[in-house]
Structure formats: structure tokens, C-alpha cells
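All ligand and atom numbering here is 1-based and tracks the order in the structure. What's counted below: heavy atoms across the whole structure, side chains too, no hydrogens, waters or symmetry copies.
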Amino acid sequence: MRDISQLNLTHLLFDMDGDGIATVTLNRAAKRNALNAETIEELVAVFSALPASGARAVVLRAEGPHFCAGLDLVEHGREERSPAEFMRICLRWHEAFNKIEYGGIPVIAALKGAVVGGGLELASSVHIRVMDETTYFGLPEGQRGLFTGGGATIRVPRLIGQARMMDMMLTGRLYSGDEAVQVGLAQYRVADSEAQAYDLARRVAQNTPLSNFAVCSAISHMQNMSGLDAAYAEAMVAGIVNTQDAARGRLDSFAQGTAQKIKPGEAG
Ligand code: 1HE
């Protein structure tokens, strides 16, 4: 087990309770949790270490009223980066967000306020997004004379489709409220996104770790494959996951009538 508390974190906070529910906090509220280069490196470090940390689920939350204001525009302007330098920065963003999406540990984002630009790129890489009444989503890159560089071109169309993404980037259109859920930017809209994220994390942590690992890595990998290859990979993953002792125990208890049945009234 890797001890994440030994990492030297400045812009993130990390915590894990006795049940393996980890919390990663964006801790740069004075700058609306804008993502500077250091924060991206800290995300790489934390999410690289998480799979071997014993965590069973992660809540990604933020300090202050906004989840994340995207790329640190002040740092970016000040650094006067060359194309090659900024390309390398973008590759580190991809590294961080790929660690989240493909890491095999369920990550649930508790969203609030601005989830814009790179903030939406970060939110798009988690497995479940929970928003509250203050949450709004935007891609203001067009207005800033910029382009997305943290994976939005891959992940945002998966959530809402290419046409909506282009509209957001060209016109600065924001999504909030019910509409944001309907188009697929969030799966839940509640009064307290953090409380709901922890409820979901505790529920998800009841699943077998291998099943969660498959959900939180295999599905994303399969989106990158041809249909034929994805079907083959799915059979391979199911061959491994569905024949484990942990699964057998659950099947036995269902056969014996001791397992909980699915009850429609309790879903969601
Ligand atoms: C920042 C940033 C930032 C705030 N980089 N410093 N992202 C954007 O275009 C969003 C830019 N931010 C905003 O539109 C607003 O700040 C918010 C709507 C998010 C919040 O407004 P508000 O009134 O609560 O805060 P504020 O007064 O605007 O900002 C407070 C401080 O945070 C202030 O610093 P201060 O030192 O003057 O107090 C701001 O400068 C700072 N701050 N947002 C740096 N983004 C891989 S490519 C990705 C491309 C993108 O992400 S483009 C989208 C960029």
C-alpha cells in the first residue's frame, strides 16, 4: 500500500477513512481552483498512487464556492509558453485525467459553482458527476482565444455529443439546472452534492473491488476499440471478474434467497 499522506501536496488535500472512502480536495479556492502546472502534477501523483492505496472509492471535491475555473490563465499568460511547452503541459493534463478515468477506482465528483474549461475536462474524467443548484458548466475557450487541451475533445462529446460541445465553445453557452442533467453533464442534481457524493461512494464501495475495477477501466478502454475488439475484451474481462470467489459468494447467497433483491423504489 502506497501512503499518499507522504506526498508533498500544496494545492490538493488527501484523506481516507477507515472504510477506504478517499477524499481528494481541490484546495486553491482563492484562485477558484484554477489548474496551474503544480496542481496537475499533484493530481498525477495522487491518482497514480490511489489504486494501490487501499481506497475503494474517491470523492473529488473542492474548497470554496466553485469546483474549478479551468486552466490557470494568469500563469499561462505569465509563462509565455512556446507551442512545444504548452503541448507538454497538455500531455501532463492527459496523464492526470487518464489516471482518474482508467485507474480502476470509482471517482465521484461533488460539483458546485463554476465547472468550466479545464474544470469540465477534469469533471469529465470521473465516473459519476453530482451537481448542486449553484453548478454551471461551460467551455469558455472560444471567448478566451484558446482551445481545450485537457481531453475535452474526447470526453465531452461522449457525455453530450459533438454539436453541443461546439455550441458551448463557440458561443460560451452555459448549462445548469435540469438541462445539465438532461444533456448528460451530471448524473445527479441535488441540494447537497457533497453529501450525495459520499452516499454514492459508500454504496459503490460495497461492490467487489474487481467489479469496480472493470467498470472504472474496461468500459473506457472499450470505447477506444473497434466493436469486434471491444466484444472480445468484454468477454475476457467478464471471464475473470465473473468467476471470482467474491462473485461466487454473492451468487450463492442469491440462490439461497439470502441476497437483497432489486427493489425499484430504492433506485437512485
Ligand atoms: C483565476 C482563474 C483562472 C479565477 N486562472 N486565476 N477559465 C475561465 O475562463 C474561467 C475564468 N474565471 C472566471 O470566469 C471567474 O473567476 C469565475 C466565474 C470562475 C469565478 O468568479 P468570481 O467572481 O467568484 O472570482 P474572481 O473575482 O473572478 O476570481 C477570484 C480570483 O481567482 C482572482 O484572483 P485575484 O488574485 O485577483 O484575487 C482571479 O484572477 C482568480 N481566477 N479563475 C487564474 N482560470 C488545458 S487547456 C484548458 C483551457 C481552459 O481551461 S480555458 C477556461 C479558463
Inset, instruction - Given side chain to side chain donor-acceptor pair (under 3.5 Å), test H11 with E38 step by step and report yes or no. - result: CA-CA 8 Å; H11 305 301; E38 280 180 4; 2.7 Å; yes

Inset, instruction - Sort out for me which residue in T10, D72, T39, N33 forms a side chain to side chain donor-acceptor pair (under 3.5 Å) with R28. - result: D72

Inset, instruction - Measure from atom 52 (S) of ligand 1 to the protein's non-hydrogen atoms and state whether any distance is below 4.0 Å. - result: yes

Inset, instruction - Take L43 and F97 through the side chain to side chain contact (heavy atoms under 4.5 Å, CB included) test and state the conclusion after the steps. - result: CA-CA 8 Å; L43 284 168; F97 299 171; 4.2 Å; yes

Legend entry - Under-4.0 Å heavy-atom contact between protein and atom 15 (C) of ligand 1: no

Legend entry - For G150, the ligand 1 atoms whose distance to one of its heavy atoms is below 4.0 Å: 46 (C)

Legend entry - E121 (side chain) donor-acceptor with A152 (main chain) under 3.5 angstrom: yes

Legend entry - Atom indices of ligand 1, in the order listed, that fall short of 4.0 Å to a heavy atom of P140: 8 (C), 9 (O), 53 (C)

Inset, instruction - Please determine if K31 has a nitrogen or oxygen closer than 3.5 Å to a nitrogen or oxygen of ligand 1. - result: yes

Inset, instruction - Considering only protein heavy atoms, determine whether one is less than 4.0 Å from atom 23 (O) of ligand 1. - result: no

Inset, instruction - Measure from the side-chain N and O atoms of R129 to the backbone N and O of A123, and report whether any donor-acceptor pair falls under 3.5 Å. - result: yes

Legend entry - G113 to ligand 1, any heavy atom closer than 4.0 Å: no

Inset, instruction - Just need the protein heavy atom nearest to atom 18 (C) of ligand 1, so name the residue and atom and give the distance. - result: Y136 OH, 3.4 Å

Inset, instruction - Please could you name the atoms of ligand 1 that G117 approaches to less than 4.0 Å, counting only its heavy atoms? - result: 51 (O), 53 (C)

Inset, instruction - Using non-hydrogen atoms of the residue, decide whether F97 is closer than 4.0 angstrom to ligand 1. - result: no

Inset, instruction - Kindly say whether V44 contributes a backbone atom to a donor-acceptor pair with the side chain of S48 at under 3.5 angstrom? - result: yes

Inset, instruction - Considering only non-hydrogen protein atoms, determine which one is nearest to atom 25 (O) of ligand 1 and report residue, atom name and distance to 0.1 Å. - result: R32 NE, 3.0 Å

Inset, instruction - Using distance alone, determine whether L73 and ligand 1 share an N or O pair under 3.5 Å. - result: yes

Legend entry - Distance-only N or O hit between ligand 1 and G118, under 3.5 Å: yes

Inset, instruction - Go through the steps for Q6 and D3 under the test side chain to side chain donor-acceptor pair (under 3.5 Å), then give the verdict. - result: CA-CA 6 Å; Q6 299 303 309; D3 189 356; 3.2 Å; yes

Legend entry - Identity and separation of the nearest protein heavy atom to atom 47 (S) of ligand 1: G149 N, 3.4 Å

Legend entry - Protein heavy atom under 4.0 Å of atom 44 (C) of ligand 1: yes

Inset, instruction - Would you check whether A69 has a nitrogen or oxygen atom less than 3.5 angstrom from a nitrogen or oxygen atom of ligand 1? - result: yes

Inset, instruction - Drop me the distance from S176's OG to R189's CZ, to the nearest 0.5 angstrom. - result: 8.0 Å

Legend entry - Close side-chain approach of F137 and M131, heavy atoms under 4.5 Å: yes

Legend entry - Nearest non-hydrogen protein atom, atom 20 (C) of ligand 1: H66 NE2, 3.6 Å

Legend entry - Those atoms of ligand 1 less than 4.0 Å from some heavy atom in W93: 46 (C)

Legend entry - N or O contact, R144 vs ligand 1, cut-off under 3.5 Å: yes

Legend entry - Verify atom 49 (C) of ligand 1: protein non-hydrogen atom under 4.0 angstrom away: yes

Legend entry - Best match, A34, A29, C90: closest heavy atom to atom 3 (C) of ligand 1: A34

Inset, instruction - Could you tell me whether L146 and ligand 1 have an N or O pair separated by under 3.5 Å? - result: no

Legend entry - Test applied, side chain to side chain contact (heavy atoms under 4.5 Å, CB included); reference residue, Y198; option that passes from V130, V59, D17, D192: V59

Legend entry - Nearest-0.5 Å distance, SG of residue C68 to NZ of residue K31: 14.0 Å

Legend entry - Inter-residue atom distance E101.CD - Q223.CD, 0.5 Å rounding: 9.0 Å

Inset, instruction - Would you check, one step at a time, whether the test side chain to side chain contact (heavy atoms under 4.5 Å, CB included) holds for T23 with F14? - result: CA-CA 6 Å; T23 303; F14 179 80; over 6 Å; no

Legend entry - Heteroatom distance test (A30, ligand 1): nitrogen or oxygen, under 3.5 angstrom: yes

Legend entry - G70: numbered ligand 1 atoms lying under 4.0 Å from its heavy atoms: 51 (O)

Inset, instruction - Give the residue and atom name of whichever protein heavy atom lies nearest to atom 40 (O) of ligand 1, and the separation in Å to one decimal. - result: V74 CG2, 4.4 Å

Inset, instruction - Step through the shown structure and confirm whether more than 12 heavy atoms of other residues, nucleotides or ligands are within 6.0 Å of CD on Q256. - result: yes

Legend entry - Distance in Å, L35 CG paired with W93 CH2, rounded so as to fall on 0.5 Å steps: 4.5 Å

Inset, instruction - Say whether E121 and ligand 1 are in contact under the criterion: heavy-atom distance to a ligand atom below 4.0 Å. - result: yes

